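Okay, structure first, notes after.
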Amino acid sequence: MRDLVYVAAVTATADGRALWLGGIAVPNRRLVLRWLRRQALRLADGHGRDLPPASPWLRARDVRQVTFHGFDAPEGLRAWAGDDERQDEAICALERGFPALLTVADPAVGLCVTLAGWAVGSGDPPPLRLREEN
């Protein structure tokens, strides 16, 4: 059995409350980033309709659906997932032992969705919000 040394999670916060949307533990940082990108695109593509079916990849549980009221958050998720430079920054952060974080906001209802990945044993999990995209 391979060691699961990285964790990825997606959370939502609203009205000071945090909600766990899903997560996964994997053996390397590339799989963390792959899963986070998939979840970002699933959430963005699910805006205004049902999400695509769960992934068979590594028996990964895909995140629960979030209802966005505006287009800012879905477009922020889509932009992050499709930006090679930002993906390189995330991989480099994980490689150096730092968390990879993205938070997008839906200002219409005060909802924030955070995607995070970090190495197990690198200390506490990252905060729910660090970098915000509008």
Side-chain angles (χ1 to χ4, degrees):
M1 178 180 240
R2 296 173 11 185
D3 291 329
L4 300 177
V5 295
Y6 286 88
V7 176
V10 180
T11 57
T13 57
D15 299 326
R17 294 175 291 168
L19 174 65
W20 173 265
L21 298 179
I24 189 170
V26 292
N28 65 61
R29 62 186 172 271
R30 294 214 179 271
L31 293 177
V32 165
L33 191 58
R34 181 177 174 181
W35 187 83
L36 288 172
R37 287 178 70 194
R38 175 176 165 73
Q39 301 317 308
L41 291 172
R42 286 185 77 250
L43 288 168
D45 292 346
H47 178 62
R49 59 180 183 257
D50 292 333
L51 287 173
S55 169
W57 171 74
L58 288 181
R59 291 193 231 158
R61 289 188 313 149
D62 286 328
V63 298
R64 291 189 272 167
Q65 186 169 1
V66 172
T67 302
F68 295 112
H69 296 277
F71 289 95
D72 294 341
E75 289 306 314
L77 291 167
R78 199 172 282 111
W80 177 82
D83 186 331
D84 290 338
E85 185 175 322
R86 293 172 73 190
Q87 298 303 305
D88 288 343
E89 289 173 6
I91 276 288
C92 289
L94 290 170
E95 189 174 87
R96 291 189 313 266
F98 296 108
L101 295 169
L102 170 75
T103 297
V104 293
D106 185 348
V109 291
L111 173 72
C112 292
V113 175
T114 299
L115 289 78
W118 65 94
V120 173
S122 64
D124 293 330
L128 292 178
R129 290 181 62 192
L130 181 65
R131 179 176 177 180
E132 194 166 306
E133 298 290 325
N134 288 323

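This one's a predicted model, so the numbers in the text were calculated from it and none came from an experiment.
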Residues at least two apart in sequence or cross-chain that pass side-chain contact (heavy atoms from CB on, under 4.5 Å) with D88, listed by chain then number, are none
With distance as the sole test, does E89 use its side chain to make a donor-acceptor pair with the main-chain N or O of D84 at under 3.5 Å? no
Counting only N and O atoms by type, is there a donor-acceptor contact under 3.5 Å from the side chain of D106 to the main-chain atoms of L111? no
Does one hydrophobic cluster hold both V109 and L77, with members joined at side-chain heavy-atom distances below 4.5 Å? yes
Give a yes or no on whether a salt bridge exists between R78 and E75, defined as a side-chain N under 4.0 angstrom from a carboxylate O. yes
Taking all non-hydrogen atoms of both residues, which atom of A8 and which atom of W35 are closest, and how far apart? CB-CE3, 3.6 Å
Hey, any chance L36 and L19 share a hydrophobic cluster, counting ILVMFWY side chains that come within less than 4.5 Å of each other, even indirectly? yes
As a test of understanding, state which of V10, L21, L33, T103 forms a side-chain contact (heavy atoms from CB on, under 4.5 Å) with L115. V10
Is any side-chain heavy atom of F68 closer than 4.5 Å to a side-chain heavy atom of V113? yes
By ring-ring contact (aromatic ring centres under 6.0 Å, His included), which residues pair with F71, not counting sequence neighbours? H47
Under the salt bridge (Lys or Arg N to Asp or Glu O under 4.0 Å) test, which residues partner R29, sequence neighbours left out? E95
Test item: R30 and R34 side chains (from C-beta on) under 4.5 Å apart, heavy atoms: no
